[in-house]
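Only one structure is covered here, and it is reproduced in the block below.
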Amino acid sequence: MKSPEFDLALERAVRWVTSYFAHTRDFPVFSKSIPGSIKNAIPPALPETGEPLSALLDDFERLVVPGITHWNHPRFFAYFAITGSEPGVIAELLSAALNVNAMLWRTSPAATEIEEAALGWLRDALGLPRELFGVIYDTASVSGLHALAAARESLGLEIRNLGAAGRDLPRLRVYCTAETHSHIEKDAILLGIGRENVVKIPTDDAFQMAPRALASALAADRAAGYLPMCVAATVGTTSTTSIDPVRAIAAVCREHRVWLHVDAAYAGPAAIVPELRWVLDGCELADSIVVNPHKWLFVPIDLSVLYTRHEGLLRRAFSLIPAYLETPESDVRNYMDYGVQLGRRFRGLKLWFVLRAYGRSGIVERLRNHVAWTQELARRIREAGDFEILAPHPLSVVCFRHAARGLENEALDAHNQRIVDEVNRTGFAFFSTTRLNGRLALRMAIGNERTTEADVFETWDLILRTARQLAPA
Ligand SMILES: *Cc1c(COP(=O)(O)O)cnc(C)c1O
């Protein structure tokens, strides 16, 4: 590649990014692409000769951008709103240029040591115990898989060596609730635990796991010959951000000698805010805990962190060193030993950049605003009179619906679905739905760093107007 061509293309790409960040709110949040339209615009075969970078960038603007649903848009309120922040984007660019494979310490000492240092900062900022070991994976789903594998290793059943099939082993069980993120069940599938052995413990009216019901399930299962392997509690469930009573659950786990895993993928960062530190109450007793800086901590996707107090068990579950990866250093950490993946991106750089660029107080201020706006939004929803709040909203998500007069059950669900579809179709804002007790709920999640108070309340005004227009007369 000729250097002037690269320089020009890089400058153009950087200019595009700068302008994108300055004008993100001018794009429709939700892509209006129709299925197949993008794929059909791409030639069916690989080009025979290389194309100029300028042609690639032309197509990026012409073909790719219109097919983007803008997660970076300040009025993206669907799922969990996230941010590809400026320091994170710069780190991604530099990390792509370095193209480091952080599998061994020696394959880039900086990648390993920056991961260790940034994870230490984050652990301390979250108020978690210093003895926790941290490792970065791509997503919470994969962090959870590794936690569950370490929990299985802790049982000493030699499954790593002998496998589980054809042996006289008890059935292993994992405990969670219907509100638990679906990855726990997928991870159990992958580890050979089986979906039937993922036990859903009942929740109370605030969608929180009932510790007494957990204790009874554990006792009954032991008596019936099952082997409890792991309890997965959640701090900030995906539908409503409910927070399981981790301290009480930890006491039950200790009594029944079961691994406690805490999924704090979304809500974990809230613990950096002094008055929200309580969200991780009891998590110091957990065996493992997941936090996703790519959710509510402004780090570009993907970056999930697993902390565990059992570094040795995690390593025992996964370390396997072929001859070609032997390494002379003995006093270093080789992150390939802590997972199925050998090759690893240098993700620590973007976490380090983001933490430094905002600082503790910068993070606190942003998260505090998100929570304050959510509480004010909930107040306005309640005040409107014809809306209902459907779940507690301790953090930055609120679930609600338009209780249009004369509509019930399926008809009410359909009316609320029309409201979301109509608002999303405008391109002004994007939000999503969930189901609570079987009924459709509108769900607004605040979490993008560029969101302003006006974005939240202009969107609410649009929802309110749309709901009343669509309601039967
Ligand atoms: C989003 C979410 C996940 C899944 O996160 P990925 O990183 O996309 O795998 C897991 N748990 C909770 C509570 C979540 O909100």
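Both ligands and their constituent atoms are indexed starting at 1 by order of listing. Positions are given from 1, in the same order as the sequence printed here. Computed over heavy atoms, backbone and side chain alike; hydrogens, waters and symmetry mates excluded.
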- Establish, from distance only, whether the side-chain atoms of T69 and S31 form a donor-acceptor pair under 3.5 Å.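 The answer is no; no qualifying pair exists.
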- Message: If we count only N and O atoms by modelled type, under 3.5 Å, do the side chains of Q417 and D421 hold a donor and an acceptor together?
- Response: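 Result is yes, a qualifying pair exists.
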- Record the part of V290 in heavy-atom contact with ligand 1 below 4.0 Å; permitted values are side chain, backbone, both and neither.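 Near ligand 1, V290 shows nothing, with every heavy atom at 4.0 Å or more.
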- Task: Answer whether the closest heavy-atom distance between the side chains of L128 and E284 falls below 4.5 Å.
- Result: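 They are not in side-chain contact.
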- Query: Do the non-hydrogen side-chain atoms of W460 and F387 ever get within less than 4.5 Å of each other?
  - Reply: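 Yes; the side chains approach each other to less than 4.5 Å.
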- Does the gap between the ring centers of F430 and F30 come in under 6.0 Å?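 Ring centres of F30 and F430 closer than 6.0 Å.
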- Item | Aromatic centroids of Y137 and H146 separated by under 6.0 Å |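 Judged by ring-centre distance (under 6.0 Å), H146 and Y137 do meet the cut-off.
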Taking distance alone, with no angle check, do [X] and ligand 1 share an N/O pair under 3.5 Å?
{"X": "K295", "value": "yes"}
{"X": "A265", "value": "no"}
{"X": "D138", "value": "no"}
{"X": "S141", "value": "yes"}
{"X": "Y266", "value": "no"}

Interfacing atoms of ligand 1 (cut-off 4.0 Å, heavy-atom, [X]):
{"X": "A140", "answer": "3 (C), 4 (C), 5 (O), 6 (P), 7 (O), 9 (O), 10 (C)"}
{"X": "N292", "answer": "5 (O), 6 (P), 7 (O)"}
{"X": "T139", "answer": "6 (P), 7 (O), 9 (O)"}
{"X": "H294", "answer": "7 (O)"}

- Task: From the options R333, R315, R123, select the one residue that forms a side chain to side chain contact (heavy atoms under 4.5 Å, CB included) with F133.
- Result: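 Result: among R333, R315, R123, R333 is the only option passing the side chain to side chain contact (heavy atoms under 4.5 Å, CB included) with F133.
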- Message: With the threshold set at under 4.0 angstrom, would you say G236 reaches ligand 1 through any of its heavy atoms?
- Response: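 G236 counts as a contact of ligand 1 under the 4.0 Å cut-off.
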- Task: Answer yes or no for T237: is there a heavy-atom contact with ligand 1 below 4.0 Å?
- Result: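 Checking ligand 1 against T237, which is what was asked, there is no heavy-atom contact under 4.0 Å.
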- Task: Could you tell me whether the side chain of S143 and the main chain of V290 form a donor-acceptor pair under 3.5 Å?
- Result: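 Pair absent, no side-chain N/O of S143 close to backbone of V290.
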- Task: Give a yes or no on whether the backbone of L395 and the side-chain of Q375 come within a donor-acceptor separation of less than 3.5 Å.
- Result: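 Present.
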- Query: How close does the nearest protein non-hydrogen atom get to atom 13 (C) of ligand 1, and which residue and atom is it?
  - Reply: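 Atom 13 (C) of ligand 1 sits closest to the protein heavy atom D263 OD2, 3.2 Å.
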- Among protein heavy atoms, which lies nearest atom 10 (C) of ligand 1, and at what distance?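 Minimum-distance protein heavy atom for atom 10 (C) of ligand 1 reads H181 CG, 3.3 Å.
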